[in-house]
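It should be emphasised that the depicted structure is a prediction, and the values quoted were computed from it without experimental measurement.
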Amino acid sequence: MDMRLTFRSFLLYGAARAGGKAIALALAVALGGTAATAEEAVPNEVRVMTFGDSLTAGYGLTRENGFAAQMSVWLKENGTPQGVPVRILNSSVSGSTTAGGVRRLDWALADDPDAMIVELGGNDLLRGTDPAETRANLETILSRAADEGIEVLLVGLIAKDNYGPEYREAFNAIYPDLAETYGTALQRDFFGALPEANADQLPYLQGDGTHPNAEGIAKVVADMGPRVQALISDVLEDRAAAVQN
């Protein structure tokens, strides 16, 4: 099935939720470095937080095959701007809606991220949530990030005609509009690296036909990685500007 065309069910999108910070994962990446625990501080590190749903939480995957871990490895292999050490903080929660993201925002920001990969809206789409509500929730998150001086990569999804053309157009406008308004980086479609044809997608999906498997996540990470590198560059520019001021 084509994730950009239809969603099977809310349950398939990871509605079974893990509670509290037990789901949080912290990984550090440095040139030639190794993973670090959440407690180990690395001087001058850039803290990049995933703030999303099951797609970035690692639903159905072992920890090392999830989005956060694979992005950590990708950065190690492909380099970070100025060789800066980077810690990936996984604050994504399976089943989260944009409204759920708003409710747990304070909890997540307590980990003091320098940047956020905001990947929310898929469960709103599954539920047929009014796009105006989804937009308002994402705007609350982006506005708070802006107030906190946190750089953001906004990651969207593409709706098709499940709820009609008006819904599709309203939903698909959310991510580029907000990215322009708040000056955030944009990954228009989380699944953009996967093949268009349904049959061609199957090798990259788990058995539920919805969530990417480890190989699928690897393709997503390779596609998104350069934008994460640019996000890290933005953080370093912010730091340099703060020193000059």
| message | Does anything in residues 124-166 form a ring pair (Phe, Tyr, Trp, His ring centres under 6.0 Å)? List the pairs, not counting sequence neighbours. | response | Tyr163-Tyr167

| task | Could you go through the side chain to side chain donor-acceptor pair (under 3.5 Å) check for Thr97 and Asp124 one step at a time? | result | CA-CA 6 Å; Thr97 60; Asp124 294 47; 4.6 Å; no

pair [X]-[Y]: side-chain heavy atoms closer than 4.5 Å:
X	Y	answer
Leu126	Asn123	yes
Ile117	Arg227	no
Val155	Thr56	no

| field | Ile141 vs Phe51, side chain to side chain contact (heavy atoms under 4.5 Å, CB included): CA-CA, chis, key distance, verdict | value | CA-CA 10 Å; Ile141 295 168; Phe51 189 71; 3.9 Å; yes

| Rounded to the nearest 0.5 Å, how far does CG of Leu89 lie from CE of Met116? | 10.5 Å

| field | Distance in Å, Glu151 CD paired with Asp234 CG, rounded so as to fall on 0.5 Å steps | value | 4.5 Å

Between [X] and [Y], is there a donor-acceptor pair closer than 3.5 Å when you use the side chain of the first and the backbone of the second?
X	Y	result
Asn90	Ser92	yes
Glu119	Asp53	yes
Gln206	Pro212	yes
Arg47	Asp112	yes

| note | Sequence neighbours excluded, the answer for ring-ring contact (aromatic ring centres under 6.0 Å, His included) partners of Tyr175 is Phe171

| task | Would you mind checking if Glu148 and Arg144 are paired as a salt bridge, meaning a charged N to carboxylate O distance below 4.0 Å? | result | yes

